[in-house]
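What you see is a predicted model; the values in this text were computed from it and never measured. One-based numbering, in listed order, for ligands and for the atoms of each.
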Amino acid sequence: MLWNSMEATSLRGSIYQLRELVSPCMICFEACGISRGMKMRKQVFSFFYILGFLWVFWVSDLVKVTGNSEGDALNALKTNLLDPNNVLQSWDPTLVNPCTWFNITCNGDNSVTRVDLGNANLSGQLVSQLGQLANLQYLELYGNNISGKIPEELGNLTNLVSLDLYLNGLTGSIPDTLGNLKKLRFLRLNNNSLSGTIPVSLTTITSLQVLDLSHNRLTGHIPVNGSFALFTPISFADNPLNGRRVSQHLPADVDIKGRV
Ligand SMILES: *[C@@H]1O[C@H](CO)[C@@H](O)[C@H](O)[C@H]1NC(C)=O
Ligand SMILES: *[C@@H]1O[C@H](CO)[C@@H](O)[C@H](O)[C@H]1NC(C)=O
Ligand SMILES: *[C@@H]1O[C@H](CO)[C@@H](O)[C@H](O)[C@H]1NC(C)=O
Ligand SMILES: *[C@@H]1O[C@H](CO)[C@@H](O)[C@H](O)[C@H]1NC(C)=O
Ligand SMILES: *[C@@H]1O[C@H](CO)[C@@H](O)[C@H](O)[C@H]1NC(C)=O
Ligand SMILES: *[C@@H]1O[C@H](CO)[C@@H](O)[C@H](O)[C@H]1NC(C)=O
């Protein structure tokens with residue numbers, strides 16, 4: 001295919017502009033038709049009517065082939081989840097883009113910026129395709145029954161501001177790749193069953209303001225440098241972490257549960 005995704009995006013816009021584009025043409029040829037007689041007018045009108053229709057079909061076919069990769073990524077998530085309350089009913093993968101789906105927000109370029117599905121009674125697993133939502137800023141999936149691992153591909157969401165996966169049944173370790181999320185301000189993974197050590201890569205996220213890793217099965221030491229200098233033992237409570245945390249605000253041998 002000669003068409004790249006940018007061209008597809010502009011073509012998608014073109015569908016909506018078609019009506020505005022066609023109407024002045026119709027007016028013009030209507031005027032021509034009047035001066036040359038009724039018969040000629042009708043012929044010209046039919047010709048452009050057919051041409052317009054053909055163009056619409058050609059463009060929508062092109063969009064089907066090249067467009068809606070973000071819709072496909074979200075549909076992969078839907079397919080992997082159990083949804084007893086039918087909150088994902090509006091997620092129709094045959095639409096031009098996912099921007100009209102409930103609990104999805106897009107920017108002006110029809111690219112997904114928010115997924116808001118907190119407390120939606122969803123179970124099942126996350127999918128690696130979520131990493132394809134290049135403009136995603138908020139991934140809100142807290143308070144569900146989501147199990148399995150956090151996909152390392154979430155580290156590709158470099159525009160992410162908030163990753164809220166708390167109160168689920170997630171297992172496995174926290175991916176190192178989350179350290180690539182340089183715009184992240186909120187990282188709440190508390191109340192899951194996450195194991196392994198806390199990735200030191202997270203200390204390099206200078207924008208991080210809120211971190212909650214409490215109520216998991218994390219082991220090893222708590223990093224104290226970089227962005228982690230901000231966080232108190234509350235962020236790490238109720239984990240079998242063995243490290244004693246040195247903090248400016250607390251005595252050197254206060255452990256993660258706040259006991260001396
Ligand atoms: C999802 O969208 C529905 C319909 O707009 C709304 O009622 C519900 O509150 C939304 N859920 C979340 C978690 O935003
Ligand atoms: C969540 O779904 C389960 C079935 O999987 C159902 O028994 C339960 O009532 C639902 N809870 C809510 C709050 O809708
Ligand atoms: C949570 O998900 C598990 C499977 O992952 C399922 O067995 C369980 O019934 C679910 N619980 C609720 C309340 O939906
Ligand atoms: C996304 O992340 C994975 C693993 O972290 C990587 O292998 C892959 O190449 C990335 N994909 C894109 C499109 O950047
Ligand atoms: C997280 O789990 C702890 C311990 O089970 C519980 O006390 C706390 O209320 C939970 N947090 C939330 C936000 O439900
Ligand atoms: C914190 O220390 C670890 C080594 O213990 C290092 O890998 C990491 O880059 C440091 N973070 C910052 C922000 O300097």
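Those atoms of ligand 1 that come under 4.0 Å of a heavy atom in G118, given as number and element, are 13 (C). Each of the atoms 12 (C), 14 (O) of ligand 2 lies under 4.0 Å from some heavy atom of N85.
Judged by distance alone, the side chains of S173 and K149 never bring a donor and an acceptor atom under 3.5 Å apart. Judged by distance alone, the side chains of S162 and D164 do bring a donor and an acceptor atom under 3.5 Å apart. No donor-acceptor contact under 3.5 angstrom links the side chains of S214 and N190, judged on distance only.
When all heavy atoms are compared, the tightest approach of P175 to I150 is CG-O, 3.3 Å.
Of the possible donor and acceptor atoms, none in the side chain of S111 sits under 3.5 Å from a partner among the backbone N and O of N107.
Each of T105, V112, D92 was scored for a side chain to side chain contact (heavy atoms under 4.5 Å, CB included) with P98, with one residue passing: V112.
Among protein residues, E152, E153, N156, T177 come within 4.0 Å of ligand 4, judged on heavy atoms.
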| Does the pair Q125 and S147 meet the rule for a side-chain hydrogen bond (donor to acceptor under 3.5 Å, both in side chains), with working shown? | CA-CA 5 Å; Q125 286 90 44; S147 53; 3.2 Å; yes
